[in-house]
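The block underneath contains the structure these notes are about, expressed in structure tokens.
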2 protein chains.
Amino acid sequence: MDSRVGKDGRDGGAGGVTRAIRDDIIRGVHAPGARLAEEALSARYGVSRVPVREALRTLEAEGFVARRPYAGVVVAALDDAEAEDLVEIRSLLEPLGAARAAVRHTPEQLGRLKELVALADDALAAGRLEELARLNSRFHEVLAQASGSRTLTELITQLRWKMEWVYTAKLPRRAQDSWREHREIVAVLESGDPDKAARVVTRHIGKGRGAHRPADPQAIAVDQDPED
Amino acid sequence: MDSRVGKDGRDGGAGGVTRAIRDDIIRGVHAPGARLAEEALSARYGVSRVPVREALRTLEAEGFVARRPYAGVVVAALDDAEAEDLVEIRSLLEPLGAARAAVRHTPEQLGRLKELVALADDALAAGRLEELARLNSRFHEVLAQASGSRTLTELITQLRWKMEWVYTAKLPRRAQDSWREHREIVAVLESGDPDKAARVVTRHIGKGRGAHRPADPQAIAVDQDPED
DNA sequence: GCCACCTTGATTGTATACAATCGTGCCCGA
DNA sequence: TCGGGCACGATTGTATACAATCAAGGTGGC
């Protein structure tokens with residue numbers, strides 16, 4: 001149970017602490033609304049208060065924690081309406097990213113996507129769902145990067161983090177067959193058709209309906225599949 | 001030419017430095033690609049290196065600067081493709097925010113919007129364009145907050161900052177008559193119709209066409225109006 | 001003359017120490 | 001008994017000092 005950030009991580013320094021705290025928030029180690037005292041964090045992650053403070057500043061900008069002057073930071077609480085908005089925003093941005101990726105993707109990125117699909121096939125055959133989830137994150141991360149837009153990439157990545165955050169505490173995983181759709185995405189990217197790429201990803205995300213119409217407040221994305 | 005952050009600012013501490021540096025980046029004081037040495041910044045803004053570092057962490061998360069380990073931070077450079085993406089992303093998110101605002105806005109927020117429109121009328125009559133620009137920012141800020149979604153509010157606010165950043169260096173202002181449309185937005189919000197709100201803001205932003213189709217690469221938002 | 005290596009300088013990353021601020025509990029008085 | 005005020009503790013915000021790392025320039029050898 002030692003969460004201290006390893007010295008070996010490629011991102012030396014406070015960046016590692018940022019990732020560690022963010023992961024712990026997503027995984028529910030730090031519950032929403034919990035107070036995050038700087039000294040406690042510095043003890044827990046084995047660094048001084050300065051990197052902790054910088055990490056908290058990053059997490060604040062990303063929306064994972066809220067800061068009030070001289071009152072400390074607390075883990076942000078995502079209510080149902082926020083969760084619904086996340087789904088909606090993502091259903092707008094990821095198709096846009098896919099459309100960009102269809103035009104701008106590099107051969108190397110396409111190769112990485114194909115590689116990830118192949119790895120997922122192996123993992124699926126071996127029944128390693130844990131591996132599948134990790135590959136899923138990587139797939140969408142590379143897909144976002146293929147958009148060629150730094151802004152889009154960062155936004156989509158952060159949205160995915162928050163989606164994971166929301167779903168981690170809400171439902172068990174059901175991951176398997178989304179990879180058939182992943183393979184389809186790669187094929188569309190290779191064809192270079194932006195419209196088709198956007199449509200495929202829209203369907204993949206699971207919000208095929210019109211954009212701006214607010215969904216039924218009752219159906220708070222509980223039927224969404226975290227593994228997409 | 002003293003940019004040091006005043007002690008009087010409501011947001012005590014490093015938050016003020018963050019705002020100051022961001023404003024200077026947006027205003028072009030720190031040119032894209034410029035190296036931002038921490039000590040130079042701390043001298044310029046009259047604080048120590050620690051608040052500067054925290055501010056840079058925030059600005060990094062917001063995408064205004066890029067950090068490379070032990071290599072310092074540089075002001076991010078937005079190429080034309082990025083600028084185009086910003087326009088596209090905003091044309092997706094602001095209508096969504098308006099749709100949410102039409103349903104969730106509080107009476108207080110609606111009052112503030114009306115008040116801003118009135119103030120803009122006065123400023124317009126007096127010919128104070130500088131005041132108009134500031135009111136314009138406030139209007140869209142309150143409009144975003146009225147969406148009731150913290151995520152949406154932050155995203156839209158950051159996008160607006162970046163739009164301002166892009167346009168500051170590119171074209172002169174032409175601000176006047178967008179306020180007629182602002183008044184229209186307020187009316188739609190009061191009516192409570194989400195679809196109509198989304199349509200009005202979509203037209204207001206100036207990208208009425210379909211969402212995912214990439215725009216003509218030649219027409220890089222140069223004909224966009226920064227004052228909307 | 002050119003390349004590899006090392007040294008040096010500057011800059012970032014981190015830790016420790018100090019100051020400012022706020023919440024809290026206690027005490028006193030009505 | 002209850003309310004206001006005050007002092008205390010804890011925590012955040014900031015400044016200074018030190019360690020780690022990298023880039024550049026010089027020097028020696030080939």
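Naming: A, B, ... by sequence-line order, numbering from 1 per chain.
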Looking at side-chain heavy atoms only, is the closest gap between [X] and [Y] below 4.5 Å?
| X | Y | value |
| --- | --- | --- |
| L56(B) | L41(B) | yes |
| K162(A) | F64(A) | yes |
| R57(A) | R53(B) | no |

Using whole Å, report how far [atom1] of [X] lies from [atom2] of [N].
| X | N | atom1 | atom2 | result |
| --- | --- | --- | --- | --- |
| E38(B) | dA10(C) | CD | C1' | 12 Å |
| R68(B) | dT11(C) | CZ | P | 16 Å |
| E39(B) | dT12(C) | CD | C1' | 11 Å |
| R35(B) | dT12(C) | CZ | C1' | 9 Å |
| R49(A) | dC18(C) | CZ | C1' | 11 Å |
| R67(B) | dC22(D) | CZ | C1' | 15 Å |
| L41(A) | dA15(C) | CG | P | 14 Å |
| Y70(A) | dT24(C) | OH | P | 18 Å |

*asked:* Is R53(A) close enough to dT12(D) that one of its side-chain N or O atoms is under 4.0 Å from OP1 or OP2 there?
replied: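 Negative; the distance criterion is not met.
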*asked:* Let me spell it out: for each of S48(A) and A71(A), pick the nucleotide of DNA chain C with the closest heavy atom. Which residue's pick is nearer the 5' end?
replied: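 It is S48(A), whose closest nucleotide lies nearer the 5' terminus.
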*Electrostatic pair R150(B)-D79(A), nearest N-O below 4.0 angstrom*: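 Salt bridge flag = no for D79(A) with R150(B).
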*Nearest to the side chain of P51(A) - dT12(D), dT12(C), dT14(C)?*
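Comparing dT12(D), dT12(C), dT14(C) against the side chain of P51(A), the answer is dT14(C).
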